[in-house]
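I have placed the structure first, in the form of structure tokens, so that the comments after it can refer back to it.
As the structure lists them, so they are numbered: ligands from 1, and atoms in each ligand from 1. Predicted model only: the values in this text are computed from it and were never measured.
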Amino acid sequence: MTTKTAEIPKEFHVSPFVCNRYLVDGELKTWKGNTTEVFSTILTPNTEGEMAPTLLGSIPDMETPDALEALKAAEKAFQRGQGLWPTMRVGERLKCMETFVQKMKLHREEIVKLLMWEICKNKSDSYKEFDRTVDYIVDTIEAYKNLDRKGAKFDKQGNVYAHIRRGPLGVVLCLGPYNYPLNETFCLLIPAIIMGNTAIFKPAKHGVLLIAPLLKAFQESFPPGVVNILFGRGRKIAAPIMQTGAVDVLALIGHSSSAVSLQDQHPNKNRLRLVLGLEAKNPGIILPDADLDLTIKECISGTLSYNGQRCTALKVLYVHESIVDEFNRLFSKAVDELKFGMPWEDTFLTPLPEPSKPDYIEGLIEDAISKGAKVLNKKGGDRTENYTFPAVLYPVTENMKVYNEEQFGPVIPIVSYKEIDEPLDAMAASEYGQQVSLFGRDIRKIGPLIDTLANLVCRVNLNSACQRGPDVYPFTGRKNSAVSTLSVYDALRSFSIRTFVASKDTAYNKEILESLLNSETSNFVSTEYLL
Ligand code: G3H
């Protein structure tokens, strides 16, 4: 699929943008070294008039000494717990965050446009990603106020008073994924800094330029060194930072192989807290009495929203043998009816942002066919330069790559089962344990199944597709799928530790505590109720 410039609505035209700035120690520095060009896989006429990937601009290809300078800035801002930011009153930190979110809102249109070009997300979902992120920040501010209010008191057990709060952990290295380059990165970065940590943040492989409009907002909203933003390759930036042992929290949404290799670089693993959202192979289990119309609708959205490039996507469907033929017929028809187009046309299917993805998906299809599967839908596997039309594969068996690998793209493996133990055994043997979708009605079957499934994954979606939202609900996983829990509420806990002041109930201590509370000498000891 190609597009001609004339077909692009004026408001979505792009011209190459040189991002030559990065943020370290509160300073927006100008990068003078090597750069990397950023292309969209969307084809437009190049200077020779040939259709080619669209040049969107360039980003710094930063080197290890620059990364270590950013680390030093984050360490200096935390200053072993003595820095301005980690000791600041919670209310003051929240004001900084409120300033940031106001400034961020001003960049909605340019960020949405870059989401469409850089990662080919359709228009509605790009706006949704931006708005959801703003809501997430606003909700996080409220959640922290609540958390702080709960800590604004003294407890007494035996003859010991305790003033218990949550404190920061230190320096956070924050790495996000390309499929939600704004939202998921900020779901790590925002709670991390709001809790008083300092951070070094490097955007993902794709969806990088869209961070550039926010550099100034970060600079103007937070004290120097609280947020440091770098551009470049993981091996030159993230790995050397980890090797210093100065990182207290690795916050990463991406693949477990990256998370493990970064952990391995850290010399003191016992000191490293992990907040990880990793890969998954969420199954859909379709029982014989499932409402097929509803199931097809949810399976389309579950398998193919954003072309299946979601960690929560349904990546394998187990359909009972008694209904598999009917399911396959209806599902294949529904897939072939899906519209492909450019992100600004707001079609359900859009180009794939990774240049190598169409070949990879084609490889999965060929492997499955060579082992006995068929492509059920007419358009399945149709290729263009930047796309492979979703292929419905059946019957899929354990020896096929698409059964085992997280495809993260438009191909849907269908497995037929006779006994419910077949999908359950597969889930128990799987490396992943994020979520499942269960389609059916009979509570005598569903009831005991839920009891088992809840112990194999962390969210059982009844007659609905898997998803992360609403963002107030816990988002986590078992096995290789996650470490720690993310939600508006849980992330504040994941990025902090309980720490408290205790004192024996003596007249001497009481007098001191009372004076402390009546003075403003401690920001930690406070019973102030945040409004
Ligand atoms: O890539 C994984 C995302 O967390 C999925 O989030 O379910 O809201 O699309 P979502």
Please write down residue, atom name and distance for the protein heavy atom closest to atom 5 (C) of ligand 1. Thr312 OG1, 3.1 Å

Among all the protein's non-hydrogen atoms, which is closest to atom 9 (O) of ligand 1, and how far away is it? Tyr180 OH, 2.4 Å

May I ask you to list the atoms of ligand 1 that are less than 4.0 angstrom from any heavy atom of Gln467? 7 (O)

Glu184 heavy atoms, cut-off 4.0 Å: which ligand 1 atoms fall inside? 1 (O), 2 (C), 3 (C), 4 (O)

Given that the side chain starts at C-beta and the backbone is N, CA, C, O, which of these parts of Tyr306 lies under 4.0 Å from ligand 1, counting heavy atoms, or is it both or neither? neither

Taking atom types as modelled, find out whether Tyr178 and Glu354 have a side-chain donor-acceptor pair closer than 3.5 angstrom. yes

Closest to atom 2 (C) of ligand 1 among protein heavy atoms sits Cys311 SG, 2.2 Å

Is it true that the NZ or CZ of Lys121 lies under 6.0 Å from the centre of Tyr306's six-membered ring and within 45 degrees of the ring axis? yes

Quick one: do the Arg108 and Tyr127 side chains pair a donor with an acceptor below 3.5 Å? no

Gln467 and Tyr473: side-chain donor and acceptor closer than 3.5 Å? no

Are any of the N/O atoms in Gln309 less than 3.5 Å from those in ligand 1? no

Could you verify whether a donor N or O on one side chain and an acceptor N or O on the other, from Thr133 and Asn183, lie under 3.5 Å apart? yes

Thr54 and Thr44: side chain donor to acceptor below 3.5 Å: yes

Counting non-hydrogen protein atoms only, what is the nearest one to atom 8 (O) of ligand 1? Give residue, atom name and distance. Arg132 NH1, 2.8 Å

Just which atoms of ligand 1 are under 4.0 Å from any heavy atom in Phe475? 4 (O)

For ligand 1, is there an N or O atom under 3.5 Å from any N or O atom of Phe408? no

Does only the side chain of Asn179 get under 4.0 Å from ligand 1, or the backbone, or both, or neither? Count heavy atoms. side chain

Indicate whether the side chain of Gln434 and that of Asn282 have a donor and an acceptor atom separated by less than 3.5 Å. yes

Tell me, which protein residue and heavy-atom name are nearest atom 6 (O) of ligand 1, and how many Å apart are they? Arg468 CB, 3.5 Å

Please check if any side-chain donor atom of Asn307 sits under 3.5 Å from a side-chain acceptor atom of Tyr387, or the reverse. yes

